[in-house]
Every structure is written in C-alpha cells, then in structure tokens.
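These notes concern the structure reproduced below.
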Amino acid sequence: MSDVLDILDVERPQTPEISKESIIGNDSKRKKKKLTEATFKRPEGMHRELYALLYSDNKDKAPMYITDSDQGYKQTKAKLGLKRVRPWKWMPFTNPARKDGAVFYHWRRIEDQNEEYAFAKFNKTVSVPEYTDDEYMQHLQTEGWTRQETDHLFELCRTFDLRFIVIQDRWDRSRFPNRSVEDIKEHYYNICNILAKIRTVGNVEPKLVAYDAEHERKRKEQLTKLYNRTTEQVEEEQTLLNELRKIELRKKEREKKTQDLQKLITAADSSQGETKRLEKKGPKKKVVQQKNIKAESVSVDSAGIKFADFKGSGVTLRSQRMKLPASVGQKKAKAIEQLLKELDIEPNPIPTEEICQHFNELRSDMVLLYELKLALANCEFELQTLRHQTDSRVPEKKEIIDVGPTFSALMAHSGGKSE
C-alpha cells in the first residue's frame, strides 16, 4: 500500500526515516533487561571456549554465520513496515577538476547536497615549473632551442601532464622542427634541474632528475633491431644458443675428467713412492713397525679404496678389516673379483695381521688400475671422436692428435700396475 501511495504522490502521515536502529531495533531496553535477569552460568568443569561455542548468555545457540550484532541471529529481524526512505533529488553539481565551469546533473541525497563532488579527490595534477624572462635569459638558453619552442614544450607538458608520447604526437611541426621523445624529455629535465639549482636556498641539496637520453636512444634502437628480426635469424640465434650450451657442457665434462685423471696420477705416484720407501728401510724395521700397530687402530688409507678405521674400544674381528666399504660400487667389486680369479688368489684369505694389510693394499691397487683403464678408454674414445670431427670438417688437412704427457704417464702407471 505504501508503494501505491508513493507512485500516486499521495501525502501520507509523517513517519520516521529508515535507519539501522529502526531496522534492527534499539537494544537499550534489551541491555537493561539482561542486567536485571540472572545470567546463565556455565557448568562446572566445562572450559570457557567450549561453552562459548555451545550457548550464549541468554541460552541461544551460536549463529551459523557472522553477524554484526550482539543480539544473536534469532532476534535480528528487519522491521520495515511503513517507514519512509531517505529522499533523493535530481540536482546540479560542478567538477573542481574542470576549469570551464561546466554544470552537470545527477541524483543525490538531499542531506549530501552541499558536499563536494565525491570523485574530485581522484583528480591529480603534475606540478610543472614556470620560469621568468630574466631566468630564461640568464640560465635557460640552450643551443638548438628557441624561447618560443621552449614555451610551447612547457605548455604541452601542463596540458598533458608530462605524457611525453602524447606531447610528441601533438607537437606543432608547422612552426617548429620535429623533435623525438628523447629530445623533448632531455630538454625538459635539463631546464627543471637548472631551475632547481638556482632556486635552492641555503645548503639544501636540490632534487635533480637523472635522464640519459643517449642510453634511451640506443635502447630503442636495439629494441627496433630485435623486433625487425626475420624468422631465419631467430632460428639461427636459437641454434647458436643450443650449440653454446653443448660446448659449455662438454667443457665442464673435460675439466672434470682432467681433474679425476690428475688425482689418479698423483695417487699412483704417492703409492709408488711409499712402496719404494718401505722397501729401502729393510725387513727388520718393517717387522718392528708391524708389531707396533695396534689392532683397534689399524686402517688402510690408499688411493683406490679407503677402508674403515676400527678405533673404538672393544673386541673386533680382523676379517672386518678386509670387508669392502659401501663406497665401492658393484662394477668395481666385480672387477676385483675377476682380477683375483685371474691371479688365482683366494677371495677370502685367512685374516692374519700381515695378510689383512697386504690384501687390502692389493685390492686398492686393483681398483686404481680399473679406474685408470676406464679413464684411458674414455680419453681414447674422445680422441677418436675429435679425429673424426676434424676429418669431416677439414678433409684436406688430417692432423694427428698427440696423446700428450698426461696420457703417456697414465699408460705408464696402468702398465706398471698390470705387471
């Protein structure tokens, strides 16, 4: 019925306007009632958090959704009835961002009639400096730029808020020579920096803008070249990048192999030097040295295999010293087994003090020999691959690739071990 009266513009008795208090209700009486009534106490032994999840003070169950009222979800009911809504009016307004005084119209609440346009706060302008005739004559004269051209530049900067792409597009080419974006920005920032310096008072350091026009020109030139590449050039570049990755991977592999070879050769030299030194000492010193070695501190640290140390207190078996460590792979273990079979040596000899030491040294030398042979085979394969690549690229010049001193020494050590 109220809607019909509003449509027919029939006057009705004055009713209060709709507000949050009229919809939800005034809870002052409810609060007084709560104070007079006895509050429901939670059962003894029940935690406060658990009780808050179950009931409120007036024994209402907890709401299933978040509410903005402390009355619970049962009592929050909209009391619409025949309340009158807040009136709106079609009224004029002006935008402070416009300087032509244009008047527009829109719907607005009557209570907000005298307030400023809501979207005026989003109007942001750029502060463009101004200069006088004396300042221009004394400090701002630039070669290649006239006073009229500089005034035109600053007028466009104020109009388009330093949007230099738009400024270059709206440049008056009928009166002035054509300027690039970099030229316009360079001239504008130079004048701003000069004005900041001459207007600084005291020892305050002025805020200057650093703009490198030459760098921007080169950057855009490179971007233009990059954009204008053909499909063949893009594919060629991708191919070169892939080849570069492969070359770097091969280089790393060669460096790693070279380091491994150098370690093996150094270890072989040190083991041979140690053997010769022990042979020169004679059998008496060797026997005395063997007697001084304790059972719990014996360890064989060779270049091929590093056996575990038994330095802890307690009883240990000598057969444990001959057990291969976990670092020895299955291939090396098979190679040791095959070499022992070829030399007709028992794979599990009697673990006496002397046999343990010599048997561990023998197997360590076998592993070293296996690694040297494997490295030699890899180097020969790589040399053969390089020969084929050289023959395919330069067929008229077939150069013989020398093995070099490193491989010669490697072959010498491998031959010495095999003997």
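Since the model is a prediction, treat every value here as computed from it, not as a measurement.
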Handout entry: Where P347 and L340 come nearest, the two heavy atoms and their spacing
Key = CA-CD1, 4.3 Å

Practice task
Would you check if there is a donor-acceptor pair between the side chains of Q222 and R219 at a distance under 3.5 Å?
Solution key: no

Practice task
Identify, with sequence neighbours excluded, every residue that meets side chain to side chain contact (heavy atoms under 4.5 Å, CB included) alongside E214.
Solution key: D212, R217, K218

Practice task
Not counting sequence neighbours, which residues clear ring-ring contact (aromatic ring centres under 6.0 Å, His included) with H106? List them please.
Solution key: F93

Practice task
Determine yes or no for a side-chain-to-main-chain donor-acceptor pair under 3.5 angstrom, with N193 supplying the side chain and V209 the backbone.
Solution key: yes

Handout entry: Any donor-acceptor N/O pair, W171 side chain to P177 backbone, under 3.5 Å
Key = yes

Exercise for the section: Return the orientation label for the W145 and H187 ring planes: parallel under 30°, perpendicular over 60°, tilted otherwise. Expected result: parallel

Problem - Sidechain N-carboxylate O distance under 4.0 Å for D133, R147 - result: yes

Exercise for the section: For side-chain contact (heavy atoms from CB on, under 4.5 Å), just list the numbers for L244 and E248, CA-CA rounded to whole Å, side-chain angles, deciding distance to a tenth of an Å, and then say yes or no. Expected result: CA-CA 6 Å; L244 178 62; E248 290 178 352; 3.9 Å; yes

Practice task
Look only at the side chain of N123 and the backbone of F119, and say whether a donor-acceptor pair between them is shorter than 3.5 Å.
Solution key: no

Handout entry: K197 atom NZ: more than 12 heavy-atom contacts under 6.0 Å
Key = no

Exercise for the section: May I ask you to check whether H388 and Q384 show a side-chain donor-acceptor distance below 3.5 Å? Expected result: yes

Practice task
Could you tell me whether E149 and R175 make a salt bridge, using a distance below 4.0 angstrom between a side-chain N and a carboxylate O?
Solution key: no

Problem - Heavy-atom donor-acceptor pair, Q233 side chain to T230 backbone, under 3.5 Å - result: yes

Exercise for the section: Look at K121 together with E116 and state whether they make a salt bridge at an N to O cut-off of under 4.0 Å. Expected result: no

Exercise for the section: Taking only Lys NZ, Arg NE, NH1 and NH2, and the carboxylate oxygens of Asp or Glu, determine whether K252 and E255 approach each other closer than 4.0 Å. Expected result: no

Handout entry: With E49 via side chain to side chain contact (heavy atoms under 4.5 Å, CB included) - residues at least two apart
Key = H47

Exercise for the section: Determine, for E182 against K220, whether the closest basic-nitrogen to carboxylate-oxygen distance falls under 4.0 angstrom. Expected result: yes

Problem - Enclosure of E342 CD (heavy-atom neighbours >12, cutoff 6.0 Å) - result: yes

Practice task
Give a yes or no on whether a salt bridge exists between E221 and K225, defined as a side-chain N under 4.0 angstrom from a carboxylate O.
Solution key: yes

Exercise for the section: Taking R163 for its side chain and C157 for its backbone only, find out whether a donor-acceptor pair lies under 3.5 Å. Expected result: no

Problem - Salt bridge K256-D260, side-chain N to carboxylate O under 4.0 Å - result: no

